[in-house]
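Any value given below was found using the heavy atoms of this structure, including those in side chains, with hydrogens, waters and symmetry copies removed.
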Amino acid sequence: MTSADLQKYKHVQSLAKETIDFLKSFICEGVTEKEIREAAENFLHEKDVKSFWYYGLGAFVLVGERTTISISGREYLATDTKVQNNDLISVDLSPEIDNFWGDFARTFVVENGKVIDGEQSKFPEIVEGIKAEKTLHREFRLLAQADMSFEEIYTKINTLIDELGFENLDFNKNLGHSIVKQKDDRVYIKAGNATLLGSVDLLTFEPHIRKKNGKYGFKHEDIYYFEGGRLQVL
């Protein structure tokens, strides 16, 4: 990957991050999955994003107990499910500019009708979920090495998820994938994948987890790459 290409990826990812910041003020009690998806995609269009690489889906939005759902974007449909006064919302964005992808997801916590800092929630399950995602990303950055296989890091992180009292909700038990030019060329952080992490230019880490016997699903996604042998966030 050239430095010029890296900058293009950073630009697209920065637009996804701006969209998440915008949604912090847009999401409130009463808005629906459909409205959140539309607002996110319209915001990206205004930033000159003309297409979405994930089956044409710019924003994969789930509200409330639907945050535990894990399905392919080919099957996803936003619903009229409304955000409640106290609720959880996950948003996964897939912008694309000139075949350079962004991929960014965050979980929003709503209390008293508006988005708050999740770690300040009055609900223990939500605080634990938000903190668990941060722990997983921190450990991923510490553990991942360029000469480690996708399967090795999968095994280490999946073990940690279990130790934290959570379960992996992904329908294929994946934890992320490479960033490429064609969807079908992605390789995944999963069991049985001997591909070395350092052999791909960029990869996502996106654990989708639920506290064992919990009500909500949590997702936090970033794109990573190796620079000077160390993992960096795009």
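The ring-ring contact (aromatic ring centres under 6.0 Å, His included) analysis of residues 62-81, with sequence neighbours excluded, yields the pairs Phe60-Tyr76. For residues 13-38, the pairs satisfying ring-ring contact (aromatic ring centres under 6.0 Å, His included) are Phe22-Phe26, Phe22-Phe43, with sequence neighbours left out. Applying the ring-ring contact (aromatic ring centres under 6.0 Å, His included) definition to pairs two or more places apart or across chains, those involving residues 101-125 are Trp53-Trp101. The salt bridge (charged side-chain N to carboxylate O under 4.0 Å, His left out) contacts involving residues 116-138 comprise Glu119-Lys134, Glu128-Lys211, where partners must be two or more places apart or lie in separate chains.
Judged by distance alone, the side chain of Glu33 and the main-chain N or O of Ala78 form no donor-acceptor pair under 3.5 Å. Between the side chain of Thr2 and the backbone N or O of Asp5, at least one donor-acceptor pair lies under 3.5 Å. Checked by atom type and distance alone, the side chain of Glu29 never pairs as donor or acceptor with a backbone atom of Asn112 at under 3.5 Å.
Residues Ile189 and Asn174 are not in side-chain contact: their nearest non-hydrogen atoms beyond the backbone lie 4.5 Å or more apart. Counting heavy atoms from C-beta outward, Lys82 and Asp87 have side chains that stay 4.5 Å or more apart.
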What do the steps show when you test Tyr154 against Tyr188 for ring-ring contact (aromatic ring centres under 6.0 Å, His included), and what is the final call? CA-CA 9 Å; Tyr154 166 84; Tyr188 295 90; over 10 Å; no

Report the C-alpha distance between Asp48 and Lys50 in whole Å, list the side-chain angles of each, state the deciding distance to 0.1 Å, and finish with yes or no for salt bridge (charged side-chain N to carboxylate O under 4.0 Å, His left out). CA-CA 6 Å; Asp48 293 326; Lys50 301 295 193 299; 3.8 Å; yes

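Note on Asp21 versus Lys24: salt bridge recorded, some NZ/NE/NH1/NH2 to OD/OE distance being below 4.0 Å.
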Identify all side-chain donor-acceptor contacts of residues 200-210 below 3.5 Å with residues at least two apart in sequence or on another chain.
from	atom 1	to	atom 2	distance (Å)
Thr204	OG1	His177	N	3.0
Thr204	OG1	His177	O	3.4
Thr204	OG1	Glu206	OE2	3.2
Glu206	OE2	His177	NE2	3.3
His208	NE2	Thr67	O	2.8
Arg210	NE	Glu167	OE2	3.0
Arg210	NH2	Glu167	OE2	3.1

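Both cation-pi conditions hold for Lys181 and Phe100: the charged atom is under 6.0 angstrom from the six-membered ring centre and inside a 45 degree cone around its axis.
For Asn193, the side-chain hydrogen bond (donor to acceptor under 3.5 Å, both in side chains) partners at least two apart in sequence or on another chain are Thr195.
Between the OG atom in Ser199 and the CG atom in Asp147 there is a gap of 11.5 Å [rounded to 0.5 Å].
The distance between the ring centers of Tyr225 and Tyr9 does not fall below 6.0 angstrom.
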